[in-house]
Amino acid sequence: MSIYSAMTVHIQGLVGDIALLLEPTNTVERQMTYKKMCTLLTGFLGAFTIFATHAAPSYPNKPVRLIVPWPAGGSADTLGRSLGEVLGQKLDTPVIIENVAGASGTIGTQQMVRAAPDGYTLLLATSSANVSAPNLYKSVNFDPIKDFSPIGAVALIPSILIVPNDSKYGSARDIVAGAKRDPGVLSYGSGGIGNSGHLSAELFLSATDTQATHIPYKGNNPALVDLIGGRLDFMFDNGAVDNIKTGRIKGLAVASENRIKTLPEVPTFKELGMPGVELSTWFGLAAPAATPDAIIKKVNTALNEALEDPSLAKRLIDMGADIQPGTAQEFSAFWASEFGRYKELIRISGAAQE
C-alpha cells in the first residue's frame, strides 16, 4: 500500500469513529471507540511523518546567497567569488555573491545572522569581522560565538612585512635594529585600527621589544600607496603577493609557520629568530545559528570538495593562501580559540574599545 493510500484509509477510519463517538451509546462502546480512534490517530501521524519526509524538497533546491561583508575588488571579494563558483558546482545550485560592506565587515555579518537558518544564506566569515571587530567595537549587534553555525575553514592568508622597493631596510632584522636605535621614529601604516596589518605590526614590535609610530588609514590601499611613495617605513599586508612579485615592494618576512608557496624566497619570522610573530587573516563559511546539522554537513562536504578542485586551489595559492579543509567541529573550535587570541592581541596593541 502506498503512503497516500495508507493516509486515506486512516482518515476515513478517523471520520467514522469520530461520528460514532458523537452518537448516543453506552459507556463501554464509547471507551472502545475512543481507544480505536487513538490507535488510528497514532497511525495517521506516523504515515503523515513519512509523507512529509518524502515530500520535503531536498537541500538545496534554489540558489544559495553567500554574503561577503567586504567591498567588491578586495582580497575577500576575490576569494569569495572564486569559492562561490566552485562551491555552486559541488552543491549543484548557483551560489550568488552579495557584497554587504561597512563597519569592518560587521554590517554584512549582522545581516547573515538575522537570516533564516535554512542554508540559503551563508557568510564568508573572516577573522577581521568575526573575532577582531567584536573585541574592538561595543556596538557589534551579534554574539561572536552563539549567533553562528560554523561550516568549515577555507584558507589562511598570512601577513607579510613589506617595505618600499628602494628602502634602506633589507631585512626584518634591519628594521629591528633601526627601531632600537631610534625608538618611535620609524613609521608603519595599516588599513585601520585593529585590522590585521595593525595587529601584526604590534605583535612584531612586542616580540622584538621595539617601538614605531602607527599611522592608520581608511583601508590598506591608501597605506600601500604611501608605502610605495616612501612616506612610510614599513607595513604588514596579507594582499602583497602580486606587488612583491612585480617588484613594486619588497617582502622581508612572513608571519606564518611556513613560507608562502608563491614567495619561497621570503623567510618566516621564526627562521629569523623571532618566534611567535605569526598572524594570518582567516576565511571560512558560516550559517546562522540553529541551521540543521544535515545542511551544515552537506555544505561542509561540498566545501571540502571545492577546496580540492585544482583551479580553485591554484587561485587561492596564487593569493598566498594556505588552504584549510576540515570539519565543522574543527572550524568551530578554531574560531573560539581565535576569539580569545585576538582579545589579547588587541590588548597588546593598545587599541581602545570603541
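All values below come from the heavy atoms of this structure, side chains included, with hydrogens, waters and symmetry mates left out. Keep in mind that this is a model prediction, so the values were computed, not measured.
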**Q** Met112 and Ile295: same hydrophobic cluster, using ILVMFWY side-chain contacts below 4.5 Å?
**A**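 Hydrophobic grouping puts Met112 apart from Ile295.
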**Q** Taking all heavy atoms of Ala116 and all of Pro288, pick out the closest pair and write down the distance.
**A**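 Heavy atoms of Ala116 and Pro288 come nearest at O-CG, 3.9 Å.
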**Q** Between atom CD1 of Ile193 and atom CD of Glu202, what is the distance when rounded to the nearest 0.5 Å?
**A**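 Taking CD1 in Ile193 and CD in Glu202, the distance rounds to 10.5 Å.
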**Q** Can any side-chain N or O of Ser332 pair as donor or acceptor with the backbone N or O of Gln329 at less than 3.5 Å?
**A**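 No, because the side chain of Ser332 does not come within donor-acceptor range (under 3.5 Å) of the backbone of Gln329.
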**Q** How long is the gap from OG on Ser280 to CD on Glu338, to the nearest 0.5 Å?
**A**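 Those atoms lie 8.5 Å apart.
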**Q** Who are the side-chain contact (heavy atoms from CB on, under 4.5 Å) partners of Glu305, not counting sequence neighbours?
**A**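 Applying side-chain contact (heavy atoms from CB on, under 4.5 Å) to Glu305 gives Lys90, Thr301.
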**Q** Apply the hydrophobic cluster definition, ILVMFWY joined by side-chain contacts under 4.5 Å directly or through others, and give me every member besides Ile96.
**A**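 Members other than Ile96 - counting any ILVMFWY side chain reachable under 4.5 Å - there are none.
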**Q** Just so I know, are the side chains of Arg231 and Val225 near enough to count as touching, which here means a heavy-atom distance under 4.5 Å?
**A**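 They are in side-chain contact.
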**Q** Are the side chains of Leu199 and Phe204 in contact, using a 4.5 Å heavy-atom criterion?
**A**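 With C-beta onward as the side chain, the pair stays apart.
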**Q** Please enumerate all residues that pass side-chain contact (heavy atoms from CB on, under 4.5 Å) together with Ala294, with sequence neighbours excluded.
**A**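 None.
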**Q** Whether Glu344 and Arg347 form a salt bridge (side-chain N of Lys/Arg under 4.0 Å from carboxylate O of Asp/Glu) is what I want to check.
**A**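 Looking at Glu344 together with Arg347, the answer is yes, because their closest N to O distance falls below 4.0 Å.
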**Q** Report the distance from atom CG of Asn135 to atom NZ of Lys138, rounding to the nearest 0.5 Å.
**A**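 One finds 13.5 Å between CG of Asn135 and NZ of Lys138.
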**Q** Please determine whether residues Val154 and Ile157 belong to a single hydrophobic cluster, defined as Ile, Leu, Val, Met, Phe, Trp and Tyr linked transitively by side-chain heavy-atom distances below 4.5 Å.
**A**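 They do share one cluster, since a chain of ILVMFWY contacts under 4.5 Å joins Val154 to Ile157.
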**Q** Treating Ile, Leu, Val, Met, Phe, Trp and Tyr as nodes and any side-chain heavy-atom pair under 4.5 angstrom as an edge, say whether Val64 and Leu83 lie in one connected cluster.
**A**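 Shared cluster, yes.
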**Q** Do the side chains of Phe331 and Ile151 get nearer than 4.5 Å, heavy atoms only?
**A**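 Answer no - side chains too far apart.
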**Q** List for me each residue that meets side chain to side chain donor-acceptor pair (under 3.5 Å) alongside Ser104, sequence neighbours excluded, and say none if there are none.
**A**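 Once residues adjacent in sequence are excluded, the partners of Ser104 under the side chain to side chain donor-acceptor pair (under 3.5 Å) criterion are Tyr137.
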**Q** Can you list the steps and then say if Leu186 with Gln211 is a side-chain contact (heavy atoms from CB on, under 4.5 Å)?
**A** CA-CA 8 Å; Leu186 272 65; Gln211 298 175 26; over 6 Å; no
**Q** According to side-chain contact (heavy atoms from CB on, under 4.5 Å), who are the partners of Asp174, at least two apart in sequence or on a separate chain?
**A**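 side-chain contact (heavy atoms from CB on, under 4.5 Å) list for Asp174, sorted by chain: Tyr169, Ser171.
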**Q** Locate the shortest heavy-atom distance separating Pro292 from Pro117; write the atom from each residue and the value.
**A**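 It is CD-O, 3.2 Å.
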**Q** Please list every donor-acceptor pair under 3.5 Å in which a side-chain atom of residues 314-326 meets a protein atom from a residue at least two apart or in another chain.
**A**
unit_1: Lys314; atom_1: NZ; unit_2: Asp318; atom_2: OD2; d: 2.9
unit_1: Arg315; atom_1: NE; unit_2: Ser311; atom_2: O; d: 3.4
unit_1: Arg315; atom_1: NH1; unit_2: Glu85; atom_2: OE1; d: 3.4
unit_1: Asp322; atom_1: OD2; unit_2: Gln324; atom_2: NE2; d: 3.2

**Q** Spell out, as yes or no, whether a donor-acceptor pair under 3.5 Å connects the side chain of Ser159 to the backbone of Ala255.
**A**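 No.
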**Q** Would the distance check show the side chain of Ser206 and the main-chain N or O of Leu203 forming a donor-acceptor pair, the cut-off being under 3.5 Å?
**A**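 Side chain of Ser206 to backbone of Leu203: no pair is present.
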**Q** Just so I know, are the side chains of Pro275 and Phe269 near enough to count as touching, which here means a heavy-atom distance under 4.5 Å?
**A**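 No - every pair of side-chain heavy atoms lies 4.5 Å or more apart.
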**Q** Take Asn238 and Thr281 through the test side chain to side chain donor-acceptor pair (under 3.5 Å) and record every step on the way to the result.
**A** CA-CA 7 Å; Asn238 58 18; Thr281 295; 2.5 Å; yes
**Q** Are Val185 and Asp233 side-chain neighbours, meaning at least one heavy-atom pair lies under 4.5 Å?
**A**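 No, their side chains stay 4.5 Å or more apart.
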**Q** Do the non-hydrogen side-chain atoms of Ser127 and Tyr342 ever get within less than 4.5 Å of each other?
**A**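 They are in side-chain contact.
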**Q** If you round to the nearest 0.5 Å, how far is CG of Leu136 from NZ of Lys343?
**A**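 One gets 13.0 Å once the value is rounded to the nearest 0.5 Å.
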**Q** Distance-only criterion, 3.5 Å: show the donor-acceptor pairs between side-chain atoms of residues 67-79 and protein atoms not counting sequence neighbours.
**A**
unit_1: Trp70; atom_1: NE1; unit_2: Thr126; atom_2: OG1; d: 3.4
unit_1: Asp77; atom_1: OD1; unit_2: Arg81; atom_2: NE; d: 2.8
unit_1: Asp77; atom_1: OD1; unit_2: Asn99; atom_2: ND2; d: 2.9
unit_1: Asp77; atom_1: OD2; unit_2: Gly73; atom_2: N; d: 2.9
unit_1: Asp77; atom_1: OD2; unit_2: Arg81; atom_2: NE; d: 3.2
unit_1: Thr78; atom_1: OG1; unit_2: Gly74; atom_2: O; d: 3.0

**Q** Got more than 12 heavy atoms from elsewhere within 6.0 Å of NZ, Lys298?
**A**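 Yes.
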**Q** Measure the CZ-CG distance between Phe148 and Leu285 for me, rounded to the nearest 0.5 Å.
**A**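 Rounded to the nearest 0.5 Å, the CZ-CG separation comes out at 13.0 Å.
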**Q** Could you work out, with side-chain contact (heavy atoms from CB on, under 4.5 Å) as the rule, every residue matching Pro134, not counting sequence neighbours?
**A**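 Expected list: Phe142, Pro144, Phe339.
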**Q** Around atom NZ of Lys180, are there more than 12 heavy atoms from other residues, nucleotides or ligands closer than 6.0 Å?
**A**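 Above 12, so yes.
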**Q** Check side chain to side chain donor-acceptor pair (under 3.5 Å) between Thr210 and all other residues, then give those that pass, not counting sequence neighbours.
**A**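 By the side chain to side chain donor-acceptor pair (under 3.5 Å) rule, Thr210 matches Thr208.
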**Q** Does either side chain, that of Asn220 or that of Asn195, offer a donor lying less than 3.5 Å from an acceptor on the other one?
**A**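 There is such a pair between these side chains.
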**Q** If you link I, L, V, M, F, W and Y whenever their side-chain heavy atoms are under 4.5 Å apart, who else ends up in the same group as Ile228?
**A**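 Members other than Ile228 - counting any ILVMFWY side chain reachable under 4.5 Å - are Ile160, Ile162, Ile215, Tyr217, Leu224, Leu227, Leu232, Met235, Val241, Ile244, Ile249, Val254, Ile260, Leu263, Val266.
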**Q** Report yes if the side chains of Pro216 and His198 come closer than 4.5 Å at any heavy-atom pair, otherwise no.
**A**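 No, too far: nothing below the 4.5 Å cut-off.
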**Q** Can you tell me how far CZ of Arg341 sits from OG of Ser132, rounded to the nearest 0.5 angstrom?
**A**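 Those atoms lie 11.5 Å apart.
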**Q** Check ring-ring contact (aromatic ring centres under 6.0 Å, His included) between Phe334 and all other residues, then give those that pass, not counting sequence neighbours.
**A**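 Applying ring-ring contact (aromatic ring centres under 6.0 Å, His included) to Phe334 gives Trp282.
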**Q** For Ala328 and Ile296, which heavy atoms make the closest approach, and how far apart are they?
**A**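 Heavy-atom minimum between the residues: CB-CG2, 3.9 Å.
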**Q** Do the two ring centres, one from Phe236 and one from Tyr188, sit under 6.0 Å apart?
**A**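 Ring-ring flag for Phe236/Tyr188: false, centres at least 6.0 Å apart.
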**Q** For the CG atom on Asp209, are there more than 12 heavy atoms of other groups (residues, nucleotides or ligands in this structure) within a distance under 6.0 Å?
**A**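 It does not: Asp209 CG has 12 such atoms or fewer within range.
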**Q** Among residues at least two apart in sequence or on other chains, which ones pass side chain to side chain donor-acceptor pair (under 3.5 Å) with Thr121?
**A**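 Per chain and number, Thr121 pairs via side chain to side chain donor-acceptor pair (under 3.5 Å) with Arg65.
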**Q** What's the shortest heavy-atom distance between Ala223 and Gly189, and which atoms?
**A**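 So the minimum-distance heavy-atom pair works out to CB-C, 4.5 Å.
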**Q** For the residue pair Ile175 and Val163, establish whether any side-chain heavy-atom pair is separated by less than 4.5 Å.
**A**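 The answer is yes, as the side chains (C-beta and beyond) meet within the 4.5 Å cut-off.
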**Q** Considering all heavy atoms of both residues, which atom of Lys250 and which atom of Pro164 are nearest to each other, and what is their separation?
**A**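 Here Lys250 and Pro164 meet closest at CE-O, 3.6 Å.
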**Q** Identify the heavy atoms of Ala172 and Leu272 that sit nearest to each other, and give their distance.
**A**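 Heavy atoms of Ala172 and Leu272 come nearest at CB-CD1, 3.8 Å.
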**Q** Using a strict 4.0 Å threshold on nitrogen-to-oxygen distance, state whether Arg259 and Glu271 make a salt bridge.
**A**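 Salt bridge flag = yes for Glu271 with Arg259.
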